[in-house]
J.: 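What follows is a single structure, and I will ask about it in a moment.
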Number of protein chains: 2
Amino acid sequence: MSKKTTIYDIAKKLNITAATVSRALNNNPKISEATRALVLKTAAKMNYEQNKLALALKSGKSFNVGVIVPRIDSNFFASVIRGIEEELHPEGYHVIICQTHDQKSLELANINSLLNAQVDGVLMSISNANDATKPNNPKEGIDIEENSIFDNLIKKNVPLIFFDRKKDIKGVSSIVIDDFKGAYDATQHLIDQGKKRIAHLSNNRDIEIFKNRYLGYKQALIDNGIAFDDNLVIECFSKVADGRKVTQKLLDMKEPPDAIFSVSDFSALGAIQEILEQDLKIPEDISVVGFSNEPFTKFMELSITSVDQSPTEMGRIAAKVFLEEVNNDSKIKSEKHVVLSPELMIRKSSLSSASSAVTA
Amino acid sequence: MSKKTTIYDIAKKLNITAATVSRALNNNPKISEATRALVLKTAAKMNYEQNKLALALKSGKSFNVGVIVPRIDSNFFASVIRGIEEELHPEGYHVIICQTHDQKSLELANINSLLNAQVDGVLMSISNANDATKPNNPKEGIDIEENSIFDNLIKKNVPLIFFDRKKDIKGVSSIVIDDFKGAYDATQHLIDQGKKRIAHLSNNRDIEIFKNRYLGYKQALIDNGIAFDDNLVIECFSKVADGRKVTQKLLDMKEPPDAIFSVSDFSALGAIQEILEQDLKIPEDISVVGFSNEPFTKFMELSITSVDQSPTEMGRIAAKVFLEEVNNDSKIKSEKHVVLSPELMIRKSSLSSASSAVTA
DNA sequence: TATATTTATGTAATCGATTACGAATGATGC
DNA sequence: GCATCATTCGTAATCGATTACATAAATATA
C-alpha cells in the first residue's frame, strides 16, 4: 500500500539532500537548528521510520543476536531466553531463536544461517548429540574436530557466548552453574538424611555438565567415606519413561539403593513413579533428588527436591557478557567465565524428618 | 579478522564483473556453463557466503518474522514458538522473539521495532492488559482505539497473524482453539460426574478467550438445567497464589461448590492446594478442572484434568498461514480463521469413579 | 575592506547484493 | 559475404542509509 518513506522523500519535499536529512535525524552537530527542527517535524509528519536493514548493511551491525538451544519448550531454556531478551531488548537488540533438537548438523546449519543473516553475536547451549563413536581427544576438553563447527564464528570475529552446556574454546566466554557443587550438595544432603546407598541417574558424560554432576556426586561419597559403586550409576535420557525404566532395574538389584540422585527432574519423576508403584515409601524407603528445579517439582504434592540453576539470571548474564564483548573496541579481547552457584531446593521427596522446614 | 568475501572479491579474482558472479550463483540461465562452474568453484574456495542483509535491502524481504508473546517462559507460548520455528526454519525464515509482559506499551513498541527491522510478518498473541478503564465500544469485538496499535502493520501490508488471543480486525487471520467448546466440554464432564454446583475461576473477560470460556461454562449449565449462579464466578489471575485465595472465599460460602472449573491450570492448582489444606477430598468432595494442559497437570500424583490446546500445532498452523499470505502475489487477500478443537484430558482431579480410564 | 575561519550544506562513495539494458561475440541461414 | 539472432557478459542503477570531502555562505579578525 503506502510505500515506506525514506530520507530521500523527506529531502525532496524540503528541497535539500538526503545527507542533510540524515544529519538532522542523527543529532549531527554540523547542522543548523532551524533545518534540524524542520526535518524532524517533516519526518514526523510523513511517518518516517529508519530502515534498520539499510543501516545494518552500511554499518555492519544488524542489532540481531542468535540464540541456539536444543529446544525452546523446556522451562530451563525458555527461562534463559527470557533473561536474554529482557536484557538485550532495552539495548536495541532483537533475539533470533534457533532450535537444534540435539542434532549437530542443525547446530552447524544454524550457525551458518545466522552468520549469513549478519547477526552481531551468538549465544548458545551446545547439543547433546552422542559423540561417543568418535575417539575422544585426550587433550582435556579440546576436541578439534568438534570445535570446527565454531570456526566460522571465530574467524569472523562474531562474539560467541556459551551458557550451561559449553565447550572449552580459547577466547570464548561462558556462563554455567557449578554443576559439581550442585551435585555435591545434593548428594551431601542425601547423606545427611542418613542415606548410604545412593544411586545416580546420569546422562552422556561427554557433555561437561553431566560429567561434572557425576564427579560432584562421586566426590561427596568419597568425602563421607562411602564406597563408590559403579553399578549404582546408570545413564539415561532426561525423560520420565527412561527414568522409570532404569529405576526398575535399580529396584531389582540384590541390594537396591536407598536414594537416587538424578541429573534430570524428568527422570527423577520417572523414578518416583516407579518407586511408588512398587509400594515403597518416599523418602522413608528411598529418597529422590532431581536437577533443574522444573516448575512441576515444586507443584507436586510429593514435592521433589531439586537443584535450582537460576536460568533467567544465567540468560541475563550471558547477555551482559555479550554486550561487553560487542562494545569492546580495544584489541585486547578477554574471555570471561562466570560460574553461578546452584541452590538446593529441599522438598518432601528427600526430607526424612518432619523437623526441618521445606523450601518453597 | 578475515573480512567476509563478497561477489566483488570473486569477480576481481576471475577478472569478470560482480554481475556475472551473481548470475552464476543464482542459476541465471544467461551464463555459460564454463564460467558458472568456475565461479562456483572459486566461491567455494574463497568461502563465499551470501550477505542476506544486502539481499534483504535489495529485495525488500528480510526472511525474518517477529513473534510477540506476553512471555516466553510459559509452556504454552514456548510450545507455540517451537511450532512456528520448526515450520518456518525449513523455509529459510528466522524467528525473532519479543515479550510484552502484558504491557500494551511494549506491544506497540515491539511492533514498531519489528517493522523498522523490516520483518516479513508478525505472529502474535495479544496482551492481557486491563482495558476495563476505557468505555467498551459497543460494536462487537471492534475497538478502534485498540486496533490503532496494529495500523502501522496493516498500512505497510505486513502480514499479521493472531494466535490464541486475538482481536477481530478486518483482513487479519487468526488461529485459536474453540474456547467455548473447551469450557463446555469441561463443564459437561463435571456434570456427568454428578456435580451440581460448579464454580468458575475466570479472568479478564475483555480478552476473547476468557469470555468464550465463561460463555461455554454458562451454556453447559443451562443445557443441563442447572441454574447459573453469578456468585460462583470469580475473576482471578493465572497464578497459584491467586487460585488459593479465591478458593478460600468459595469454600467459606454457606453453600460451597462441589466442583471448580478454572480458566488456568495454575489457579486450578492453587484451588487444589487450598481444598486439600481444608481436609476435603478431591474429587469426592470437590472436583477440579484446569485449562491449558500444562506439563505439571499430568505429572502430579493427583493429576489434574485439563483442556489441551495443542500449542505446537497452533504454532505450526500460524506459520503455514503466514507462508500462504506472504507467498500470495495476487491482489485478492483473504483472511483465514482456523479454530482448533480442544481436547479434554480427564485425570484424577475430576474422575469420581475408578471405573473409567484416566487419560495419559 | 580583504582575509581567515566557522558553519551549513551538497556531492559522491560506500555497504553487498540483483537486474534491466546494452554491447560484443559467435553461430546460422541464404 | 552479410544480415539475423542467440548467447554471454559488462555497465550502471537500485535498495536506504551514513559520512569523508568539497564547497558555499556567513561570520570573525586584522
Side-chain angles (χ1 to χ4, degrees), chain A residues 2-40 42-43 46-64 92 115-120 156-158, chain B residues 2-40 42-43 46-64 92 113 115-120 156-157:
Chain A
S2 70
K3 278 274 162 284
K4 294 155 192 163
T5 63
T6 72
I7 54 171
Y8 295 94
D9 300 326
I10 301 176
K12 194 175 288 176
K13 180 157 229 163
L14 296 180
N15 258 328
I16 55 180
T17 61
T20 307
V21 176
S22 173
R23 279 188 277 254
L25 260 25
N26 288 293
N27 286 330
N28 190 313
K30 301 177 164 192
I31 200 170
S32 72
E33 268 312 317
T35 36
R36 159 170 305 140
L38 184 61
V39 168
L40 256 46
T42 321
M46 297 176 73
N47 289 320
Y48 169 76
E49 276 156 22
Q50 191 189 43
N51 184 327
K52 300 279 184 199
L53 231 51
L55 179 59
L57 178 59
K58 185 69 173 69
S59 67
K61 277 207 64 170
S62 66
F63 277 95
N64 285 152
L115 279 175
N116 288 350
Q118 309 295 118
V119 292
D120 296 339
K156 291 192 180 144
N157 221 16
V158 175
Chain B
S2 71
K3 279 273 160 289
K4 293 154 194 164
T5 64
T6 73
I7 54 172
Y8 294 94
D9 300 327
I10 301 175
K12 194 175 290 178
K13 178 156 227 165
L14 296 180
N15 258 329
I16 54 179
T17 62
T20 307
V21 176
S22 174
R23 279 188 277 255
L25 260 24
N26 288 291
N27 286 330
N28 189 312
K30 299 178 164 193
I31 199 172
S32 73
E33 267 312 318
T35 36
R36 159 171 303 140
L38 185 60
V39 167
L40 256 46
T42 322
M46 297 176 74
N47 290 317
Y48 169 76
E49 277 156 21
Q50 192 189 43
N51 185 328
K52 300 279 184 200
L53 231 51
L55 179 59
L57 178 59
K58 185 68 171 70
S59 68
K61 278 207 63 170
S62 66
F63 276 96
N64 285 151
S113 161
L115 279 174
N116 288 350
Q118 311 295 119
V119 292
D120 296 340
K156 293 196 177 139
N157 221 17

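Labels below follow one simple rule: chain letters A, B, ... track the order of the sequence lines, proteins then strands, and each chain is numbered from 1. Predicted model only: the values in this text are computed from it and were never measured.
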J.: Are I16(A) and V39(A) packed together at the side-chain level, in the sense that at least one heavy-atom pair is separated by less than 4.5 angstrom?
T.: yes

J.: Could you tell me if the side chain of Q118(B) sits less than 4.5 Å from the side chain of N51(A), heavy atoms only?
T.: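 In contact.
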
J.: Test your reading of the model: is there a side-chain donor-acceptor pair from R36(A) to the backbone of N28(A), 3.5 Å cut-off?
T.: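 Yes, the answer is positive, given that a donor and an acceptor are paired below the 3.5 Å cut-off.
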
J.: Please report, rounded to the nearest Å, how far the C1' atom of dC15(C) is from the NZ atom of K52(A).
T.: 17 Å

J.: Look at all strands and tell whether S59(B) reaches a base, only sugar-phosphate, or nothing, counting heavy atoms closer than 4.0 Å.
T.: nothing

J.: Is it the case that the side chain of N116(B) and the backbone of S113(B) share a donor-acceptor pair, with hydrogens and angles ignored and the cut-off at 3.5 Å?
T.: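 Such a contact is absent between N116(B) side chain and S113(B) backbone.
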
J.: Looking at every strand, decide which applies to S32(A) at a 4.0 Å heavy-atom threshold: base, sugar-phosphate, or nothing.
T.: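 Counting heavy atoms under 4.0 Å across all strands, the contact made by S32(A) is with sugar-phosphate only.
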
J.: In whole angstrom, what separates L14(A)'s CG from dG10(C)'s P?
T.: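 Whole-Å distance recorded here is 10 Å.
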
J.: How does DNA chain C look in dot-bracket form if you count Watson-Crick and G-U pairs under 3.5 Å, write [ ] for pairs that cross, and put | where a base pairs with another strand?
T.: ||||||||||||||||||||||||||||||

J.: Quick one: does S59(A)'s side chain have a donor or acceptor within less than 3.5 Å of a partner on L55(A)'s backbone?
T.: yes

J.: Would you find a donor on one side and an acceptor on the other, under 3.5 Å apart, between the side chain of D120(A) and the backbone of F63(A)?
T.: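 Yes, D120(A) side chain to F63(A) backbone: donor-acceptor pair under 3.5 Å.
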
J.: Distance from K12(B) atom NZ to I7(B) atom CD1, nearest 0.5 Å?
T.: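 Rounded to the nearest 0.5 Å, the NZ-CD1 separation comes out at 12.5 Å.
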
J.: Any heavy-atom pair between the side chains of K156(A) and K4(B) that's under 4.5 Å?
T.: yes

J.: Quick one, give me the B/S/- string for nucleotides 16-24 of chain D, reading 5' to 3', where B means a protein heavy atom under 4.0 Å from the base and S means that only happens at the primed atoms, P, OP1 or OP2.
T.: BBBBB----

